[in-house]
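Accompanying notes for the structure given below.
Lettering of chains follows the sequences in order, A, B, ..., and the numbering in each one begins at 1.
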Protein chains: 2
Amino acid sequence: MSSSAIPYRPHNHSACVHQALSDARSVCQRQNARLTPIRERVLELIWQSHKPLGAYDVLAVLAEDGHNAAPPTVYRALDFLQQYGLVHRIASLNAFTGCTHAGEHHTCLFLICRACRTVLELTAPAVSDAVAKASQAEAFTPEETIIEIAGLCPNCSSEPTHE
Amino acid sequence: MSSSAIPYRPHNHSACVHQALSDARSVCQRQNARLTPIRERVLELIWQSHKPLGAYDVLAVLAEDGHNAAPPTVYRALDFLQQYGLVHRIASLNAFTGCTHAGEHHTCLFLICRACRTVLELTAPAVSDAVAKASQAEAFTPEETIIEIAGLCPNCSSEPTHE
DNA sequence: AATGAGATGTTATATTGTTACATCTTTAAA
DNA sequence: TTTAAAGATGTAACAATATAACATCTCATT
Ligand SMILES: [Zn+2]
Ligand SMILES: [Zn+2]
Ligand SMILES: [Zn+2]
Ligand SMILES: [Zn+2]
């Protein structure tokens with residue numbers, strides 16, 4: 001049995017953030033994209049934890065920053081970050097999470113804890129292959145695949161659900 | 001090679017609707033749930049085609065019906081229908097589609113055409129199994145799985161994308 | 001310095017979904 | 001058959017999420 005994935009155990013999270021920002025800088029540099037201060041700040045906020053953040057949550061923090069931002073500011077930054085594979089949108093939560101495979105081409109899968117809201121992003125070739133086969137069997141040409149699994153993370157499933 | 005799935009080819013769609021309503025009646029009867037006129041009408045509207053319908057689209061048709069409905073009316077009916085497995089919500093579209101496996105326990109997968117918006121619902125055991133294994137490998141307890149694949153259906157991929 | 005593309009500011013609005021509470025309907029018990 | 005409880009619907013207001021449209025600014029290149 002492998003040990004828990006990073007988001008599920010105590011870790012030096014500022015290292016996660018630092019790594020993410022550093023990766024983002026190189027991804028953008030390589031592609032000649034401008035990681036402006038706002039975009040970088042939004043990315044940093046999205047990475048503030050392994051729990052996805054809503055656009056309006058980001059907006060609220062920017063306001064605390066003293067930045068007089070309106071929704072388009074945030075949505076534009078998020079669009080940019082998505083476009084360069086730096087964040088993912090979780091459709092079932094209307095929220096955004098930092099991509100843990102920035103720069104790599106990948107079809108990913110999200111394990112979303114309904115109790116603590118922690119999200120783990122995985123790449124699961126077996127899943128991707130099965131999806132590709134299922135599509136092919138229907139002569140369907142897949143372009144974007146969303147796989148979101150809600151449930152209980154190891155930490156939360158070991159505790160009794162408070163009810 | 002099997003022939004195209006129903007939603008992808010011309011077919012007697014009123015038979016789809018009739019079947020869906022009939023299935024719904026028996027599902028509800030079996031579970032002692034009340035398929036009231038509003039609920040049945042909403043289900044019928046959702047089934048008006050194999051393209052998902054937004055809650056406010058449903059609302060608009062109810063208004064045309066002369067029914068003076070407000071959003072909660074529609075959302076309640078949709079909640080009911082989801083609860084009894086008669087419709088699914090497509091998270092990536094904020095829209096609803098009739099379940100083609102009403103009454104059966106199933107984890108399904110949606111093939112969503114970005115051109116004609118037709119949705120095909122599939123059960124793909126290979127995908128479900130792969131998802132279950134991936135979850136298990138992380139000691140995650142899955143409860144709800146969403147798999148939505150956007151792309152081009154056979155009809156639309158054979159035509160040139162107008163651009 | 002002039003230009004143009006990209007980025008941001010700003011205001012307003014669209015879209016999707018919920019809360020809260022009143023009223024009506026159905027069911028089933030008294 | 002009244003009555004009470006549960007379930008379903010009506011209604012108004014509102015919350016949450018996202019976009020449109022247009023003005024302005026910044027920065028790299030001429
Ligand atoms: Zn971390
Ligand atoms: Zn958890
Ligand atoms: Zn049909
Ligand atoms: Zn199509």
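With C/dA7, C/dT10, C/dT16 as the candidates, the nucleotide lying closest to the side chain of A/T36 is C/dA7. In this structure, of D/dG10, C/dT8, C/dG17, it is D/dG10 that holds the atom nearest to the side chain of B/I38. You'll find that the side chain of B/P71 is closest to C/dG17, out of C/dG17, C/dG9, D/dA18.
A close approach under 4.0 Å does not occur between any side-chain nitrogen or oxygen of A/N94 and OP1 or OP2 of D/dA16. Contact annotation: A/H67 side-chain N/O to C/dG9 OP1/OP2 distance is under 4.0 Å. Look at B/T73 and you'll find a side-chain N or O under 4.0 angstrom from OP1 or OP2 of D/dG10. Dashed line: the shortest gap from a side-chain N or O of A/Y56 to OP1 or OP2 of D/dA16 is not under 4.0 Å. For A/R39, a side-chain nitrogen or oxygen approaches OP1 or OP2 of C/dT8 to under 4.0 Å.
One can place CG of A/L35 at 17 Å from P of C/dG6, the figure rounded to the nearest angstrom. In this structure, A/F80 atom CZ and C/dA5 atom C1' are separated by 15 Å, rounded to whole Å. Taking atom CD of residue A/E40 and atom P of nucleotide C/dT8, one finds them 12 Å apart after rounding to whole Å. Taking atom OH on B/Y75 and atom P on D/dA15, their separation rounds to 17 Å, with Å as the unit. The interatomic distance linking A/L62 (CG) with C/dT10 (P) rounds to 14 Å, in whole Å. In this entry the distance linking CG of A/L78 with P of D/dA18 reads 9 Å, nearest Å. Between B/L93 atom CG and C/dG17 atom P the separation is 11 Å, expressed in whole Å. Rounded to an integer number of Å, the gap from CG of B/D65 to C1' of D/dG10 is 17 Å.
A perpendicular orientation is assigned to the rings of B/Y56 and B/Y75, their planes being inclined by more than 60° (bins at 30° and 60°).
Both A/A69 and B/A55 lie near DNA chain C, and the one whose nearest nucleotide falls closer to the 5' end is A/A69. Both B/A33 and A/R76 lie near DNA chain D, and the one whose nearest nucleotide falls closer to the 5' end is B/A33.
A pairwise comparison of heavy atoms in A/L78 and A/V87 identifies O-CG2, 4.1 Å as the closest pair. B/S135 and A/L111 get closest at one heavy-atom pair: OG-CD2, 3.8 Å.
B/D23 and B/Q19 share a side-chain donor-acceptor pair at under 3.5 Å.
Here the side chain of B/E148 pairs a donor or acceptor atom with the backbone of B/A91 at under 3.5 angstrom.
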